[in-house]
Amino acid sequence: MSKPKFYITTPIYYPSNKLHIGHTYCTVATDAMARYKRLQGCDVMFLTGTDEHGQKIEGAAKEAGITPQQFVDNIVTGPRGVLDLWKLMNISYDRFIRTTDDYHVHAIQRIFKRMHDNGDIYKGKYVGKYCKPCESFWTESQLKDGKCPDCGREVVDAEEEAYFFRLSKYADRIQHLLEDTDFLEPRSRVNEMVNNFIKPGLEDLCVSRTSFTWGVPVDFDPGHVVYVWVDALFNYMTALGFENDAHQDLDKFWPADVHFVGKEIVRFHSIIWPAMLMSLDLPLPKKVYGHGWLLLDGGKMSKSKGNVVDPYLLAEHFGVDALRFFLLRTFPFGSDGNFSNEALINTINVDLANDLGNLLSRTTAMVQKYFGERLPADRQWDESLDRDLQQMASGLRDEYEAEMERYQFQNALDKVFKVIQRANKYIDETAPWVLAKDMNANAGRLAAVLYYLLETTRICGILLTPFMPESMDKLFQQIGAPADCQTWESAAQWGALPADHISKGDNLFPRIDMEKALAELEEISAKAAEPAGPLVEVEPQLETPVDFDTFCACDMRAVKVKACEKVKKSKKLLKFTLDDGTGTDRTILSGIAMYYTPEELVGKTLVAIVNLPPRPMMGETSCGMLLSAVHKEDGQEKLHLIMVDNSIPAGARLC
Ligand code: MSP
């Protein structure tokens, strides 16, 4: 029998935003879900990626003095970029799409043309308001207090020739989809969509732009680029091979089982996305789940709030699994939640160090102390003491499953921790250390108590694996659970553990000293808040020695710039007329036109090597070379001419 399929996606991340714990939240949730489905035995496709086009990126790249492609490459594949973060956070995606991937770009062109050919995309004139940061067009009536209804920022007047998608045509079908099916969850988001967007009248959507170029070009109308959200939403299908040959999984995985998305982009996913799919007569995703935001001090996270929400810092400081766990244990997935370092440390101390960590370390330590690595097979049950724990642990998998199927991570984890707490209470009730005082009489009973604890730990460990994969591997190691005792099936089988290989390992979740950790974090954040310098790289020094005479054979002189001009046929060369102290002008050509304008150099005192053989360049002859310092800054080549004090006379030798 073939395995059930499960296709889950995260929103593809904008590389112009600073990655913070909020983005990590969404991706960690998707990862936990994907791992849970794999644990159940599904054939899972977990897609994530980056949304790399748009005006914002074009602007940010310009500001950084690099091309948009270089800009997105740095953030996606560069050090401590998106891919590095997902690796650190143990995100088990099956596919990563970049909207600048060739196959996606061409697919978007075909998709746009198909909707144009079927009459759903038409040319018109856009007049209205535009929110640059959100890349969203709004009508006057949609604004909130004259500002963008999504982010609350200023909007600007916009008017241009543009293509439109006939969103209005699909209003009734979308309303039915939202109100009469469980396409969109949680339910509260349905009311928001219907009341705020559909009931006031769904207007056609502007789906092309002409005021910038960093996007997918409309191939049949040069000058237009496809609206970034059309480009972005179709990633969920192009990544499987829709309108391209790069992948071949469309039949297998489409329609998606669920799109996890943040609440501010529910509108795009629950109105615009299904409407475009309807236009192309394609199956709709089974579900869109709009999760809440992580807030900081009650407000949205932002760059200005800085480093406190840097996922690298938090994961490195507290551990990847602890951070993953905290995010899904603490906040109900469908609602907003307030992030704080105190809450994070508290969760680690209470749930992980105290409840789970203690259960594991006390149990394995007692097994080791009283029996070594193997529990005797002769075990004596005590119905009245054992039944409650056994029933709770045996029934846990089904209760957990019911919550996970509804994406209620917090509730699922709550069920697991109720059992862990019950097991800790069971230790107090059965007092194994008292039983151990008389091993002759109590060995069988003690072995049974410890077995109950190990089995409970094993079952909880399986169900915690999607949240803390690495730590649960260690837990299985300590309780000696072989692979067939880590499966979904075995989570509902009481008595599966052989209990013949128990070893007390390291403490999985050490307690954190709240005050000390908060002080450390504050110090790190304060340091990081200091303006960070650019990432500078210099060439490694040469190791081959040069003898002194060879060095002295190089004649370096101070020279004064009398005139400087661009060389006509060259983009790079500047021609210098220099006073070198000999009374005869010296000409030097230098390939530095990208770094300086001629005017800013006239009158400066520079350093030239004057005894190099003359060199013909672009119809001129260069007699020498000007010295410069070169390095890289954020991956870009930088050059500075060596300028010396103007009081140094022309011709002075440098030695
Ligand atoms: N590029 C679009 C998505 C296109 S999907 C076809 C985008 N990118 S984003 O980088 O701005 O956001 C990525 C995800 O992170 C979104 O789901 C967004 O809601 C989520 N979050 C951003 N800040 C968040 C919090 N503070 N809390 C929780 N989720 C947050 O939107």
Side-chain angles (χ1 to χ4, degrees), residues 8-31 47-57 60 72 75-76 81-82 85-86 89 91 96-100 104 108 111 131-136 148 150-151 153 189 215-216 226-239 256 258-274 276-277 285 288-305 308-311 314 326-328 330-340 407 409:
I8 183 167
T9 67
T10 70
I12 48 173
Y13 160 76
Y14 272 134
S16 64
N17 295 341
K18 185 177 159 51
L19 262 180
H20 56 57
I21 196 71
H23 305 112
T24 312
Y25 174 56
C26 182
T27 308
V28 164
T30 315
D31 185 64
L47 174 72
T48 188
T50 40
D51 182 3
E52 303 186 359
H53 289 128
Q55 194 169 13
K56 243 198 298 185
I57 306 246
V72 291
I75 297 176
V76 179
V82 183
L85 180 63
W86 295 158
M89 293 306 298
I91 302 300
F96 191 96
I97 185 171
R98 299 182 60 180
T99 55
T100 52
H104 173 80
I108 293 300
I111 291 164
C131 173
K132 275 196 198 171
C134 294
E135 317 223 21
S136 291
C148 170
D150 271 354
C151 71
R153 279 179 276 210
R189 310 253 179 248
V216 176
V226 175
Y227 175 43
V228 71
W229 270 102
V230 175
D231 171 4
L233 285 162
F234 272 100
N235 91 88
Y236 300 132
M237 289 189 75
T238 62
V258 63
H259 295 309
F260 277 179
V261 305
K263 63 176 186 178
E264 85 284 18
I265 56 174
V266 164
R267 179 173 76 98
F268 298 96
H269 284 82
S270 67
I271 297 179
I272 298 171
W273 179 221
M276 288 194 297
L277 293 170
V288 170
Y289 194 95
H291 65 76
W293 277 348
L294 288 194
L295 306 173
L296 201 64
D297 304 327
K300 213 183 166 195
M301 292 185 181
S302 71
K303 259 186 200 171
S304 60
K305 290 185 179 168
V308 277
V309 287
D310 178 349
L314 295 171
F326 163 72
L327 292 173
L328 300 176
T330 315
F331 311 107
F333 195 48
S335 329
D336 291 350
N338 220 352
F339 176 90
S340 74
Y407 315 112
F409 304 105

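Every number for a ligand or one of its atoms is a count from 1 in the order of the listing. For the numbers below, each heavy atom of this structure counts, side chains included, while hydrogens, waters and symmetry mates do not.
Annotation: Y289 is in aromatic contact with Y407 [ring centroid separation under 6.0 Å]. Checked against a 6.0 Å centroid threshold, the rings of Y25 and F326 do not count as neighbours.
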I'd like a table of the close N/O pairs between ligand 1 and the protein (anything under 3.5 Å), one pair per line with both atom names and the distance.
{"residue": "ligand 1", "atom": "1 (N)", "partner": "I12", "partner atom": "O", "Å": "2.7"}
{"residue": "ligand 1", "atom": "1 (N)", "partner": "D51", "partner atom": "OD2", "Å": "2.7"}
{"residue": "ligand 1", "atom": "10 (O)", "partner": "Y14", "partner atom": "N", "Å": "3.0"}
{"residue": "ligand 1", "atom": "11 (O)", "partner": "N17", "partner atom": "ND2", "Å": "3.0"}
{"residue": "ligand 1", "atom": "17 (O)", "partner": "G262", "partner atom": "N", "Å": "3.0"}
{"residue": "ligand 1", "atom": "19 (O)", "partner": "E264", "partner atom": "OE1", "Å": "2.8"}
{"residue": "ligand 1", "atom": "19 (O)", "partner": "E264", "partner atom": "OE2", "Å": "2.9"}
{"residue": "ligand 1", "atom": "26 (N)", "partner": "L294", "partner atom": "O", "Å": "3.0"}
{"residue": "ligand 1", "atom": "27 (N)", "partner": "L294", "partner atom": "N", "Å": "2.8"}
{"residue": "ligand 1", "atom": "29 (N)", "partner": "G22", "partner atom": "O", "Å": "3.3"}

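Side-chain atoms of H104 and T99 include no donor-acceptor pair closer than 3.5 Å. No hydrogens or angles considered: a donor-acceptor pair under 3.5 Å links the side chains of T10 and T48.
Residues V82 and F96 are in side-chain contact: their nearest non-hydrogen atoms beyond the backbone lie under 4.5 Å apart.
In this structure, D51 has no salt bridge (Lys or Arg N to Asp or Glu O under 4.0 Å) partners at least two apart in sequence or on a different chain.
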